[in-house]
Number of protein chains: 2
Amino acid sequence: MIDEQVRERVLNAADRLYYGRGIQSVGMDELRRASGVSLKGLYGVFPSKAAIVLEVLDRRHAMWNTGVTERVARAETPRAKLLAIYDYLSDWFSDDTFRGCGFINAFAELGSISPEVAERARDHKSGFQSYVARLVADAGAHQDLAPQLSILAEGAQTTAAIAGTPEAAVHARRAAEILIDAAMIAGAASASESPLAEA
Amino acid sequence: MIDEQVRERVLNAADRLYYGRGIQSVGMDELRRASGVSLKGLYGVFPSKAAIVLEVLDRRHAMWNTGVTERVARAETPRAKLLAIYDYLSDWFSDDTFRGCGFINAFAELGSISPEVAERARDHKSGFQSYVARLVADAGAHQDLAPQLSILAEGAQTTAAIAGTPEAAVHARRAAEILIDAAMIAGAASASESPLAEA
DNA sequence: TTGCTTTGAGAACGTTCGTTCTCTATAGTG
DNA sequence: CACTATAGAGAACGAACGTTCTCAAAGCAA
């Protein structure tokens, strides 16, 4: 079997198992069974379980990015683009394999004993926050809106994960609408005020 | 040593270690060292590590409840009581032992393999949501506000934990102010409308 | 003192983990 | 056909885990 195929199979199985049951709860033997790749083949392509974990996180990061940006791209107005984030979350929460944000989970499990995992989680979250900040800037809203919307998305994920129900996404969306409207007014006000103040 | 003292020592050490480094990462031998209670004494008072974990979670739940209700009680207006939640979070995030919500962490680590841990996390979160809903009702605001404020608090916790900085609390607070103001108007409107509709 | 009970330190047990090694079967090459 | 290289299955290894056991020390009653 080609190395690329092996990598794909292993990472797919690892993502499913680690996300579904936790990283420390899934041993290499189970990963072997689930991926159909022998232990030897497995260690021929990855140097260690830790390396697999990091690659799984990197793939998840890329998946999340493409998923959310595609959904946002389908919306037309800047306001709709911001709200599209919560529609994406809503769909995700309704998937019956949903078990919260993989990065929050990995951070909770390993963040304090694996600097690499902690770094992946930080990068993932700060990347999302920057993305939201860009959308907020495009909408011409006050920049305070960006962390507020990020926090709402974050909270919706853990709330939905622990409750086991998807309705947190619609609550977050409704809150986002209110915050966006408030920040559009504030953003428009400060955008028209500050040039005048300088003039 | 009296059993009650042993319990106290063990649970204090266990809470600190499990919260700081994760549950699965802390073995019974380390708990023995940190608590100063021998393995025999430890197993004389607790039947298993799993039982210690559950008691730690129960204590943390009680601590959180008293902490937040005390802080809320010190605020005077219904609106200030709602915002006091985020002041409490702000102080907590600034504590340098802060490492996110212990229930989210425990859920991420063990939720899918320990139904008892999952149940504790669910109960903890739904208890908080009910509490917020009561405060919202006292404020006469629209009930949609309750899940919105809960989600903000939730998101602030994970955001602060992963970023390692406390400013998520003030962002959440500012968002909460906006949502509260919007829901007070809506709540007042529906409170004055629905009796009229029925009359 | 003597004898009995309790205690703590840590060895021991059985299991599981991540990782490596062995052995066998197979496939490809001459 | 023989020979070699490869790859899979699973045993083996050393470490760590949760839990129990051993044994010696210490306290206490008589």
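Every heavy atom of this structure was used, including side-chain atoms; hydrogens, water molecules and symmetry mates were not. Here is how names work: the chains are called A, B, and so on, in the same order as the sequence lines, proteins then strands, and each is numbered from 1.
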> Atom CZ of Arg21(B) and atom CD of Glu30(B): how far apart are they, to the nearest 0.5 Å?
Replying inline: 4.0 Å
> Lys40(B) has an atom NZ; how far is it from atom C1' of dC21(D), in whole Å?
Replying inline: 8 Å
> How about Phe103(B) and Trp64(B): are their ring centres within less than 6.0 Å of each other?
Replying inline: no
> Parallel under 30°, tilted from 30 to 60°, perpendicular over 60°: which one fits the rings of Tyr19(B) and Trp92(B)?
Replying inline: parallel
> Pick one: which of Leu149(B), Leu145(B), Ile151(B) meets side-chain contact (heavy atoms from CB on, under 4.5 Å) with His171(A)?
Replying inline: Ile151(B)
> Just wondering, do Glu167(A) and Thr159(A) contact through their side chains at under 4.5 Å, heavy atoms?
Replying inline: no
>> Give the residues of residues 42-54 of chain B touching DNA chain D, defined as any heavy atom closer than 4.0 Å, sorted by residue number.
In response: Tyr43(B), Ser48(B), Lys49(B)
> Taking atom OH of Tyr18(B) and atom OG of Ser25(B), what is their separation to the nearest 0.5 Å?
Replying inline: 11.0 Å
> How bent is the helix from dT1(C)-dA30(D) to dG30(C)-dC1(D), comparing axes over its five end pairs at each side, to the nearest 10°?
Replying inline: 20°
> Taking atom C1' of dA11(D) as reference, at what distance in whole Å does atom CZ of Arg32(A) sit?
Replying inline: 12 Å
> Any donor and acceptor pair, going by atom type alone, linking the side chain of Asp15(A) with main-chain N or O of Leu11(A) inside 3.5 Å?
Replying inline: no
> For Val6(A) and Gly41(A), which heavy atoms make the closest approach, and how far apart are they?
Replying inline: CG1-O, 4.3 Å
> Rounded to whole angstrom units, what separation is found between the CG atom of Leu39(B) and the P atom of dC17(D)?
Replying inline: 12 Å
> Does some side-chain heavy atom of Arg59(B) sit less than 4.5 Å from a side-chain heavy atom of Asn12(B)?
Replying inline: yes
>> Rounded at 0.5 Å granularity, tell me how far OG1 in Thr77(B) sits from CG in Leu83(B).
In response: 8.0 Å
> Taking DNA chain C as the partner, which of residues 12-31 of chain A come within under 4.0 angstrom of it by heavy atom?
Replying inline: Val26(A), Gly27(A), Met28(A)
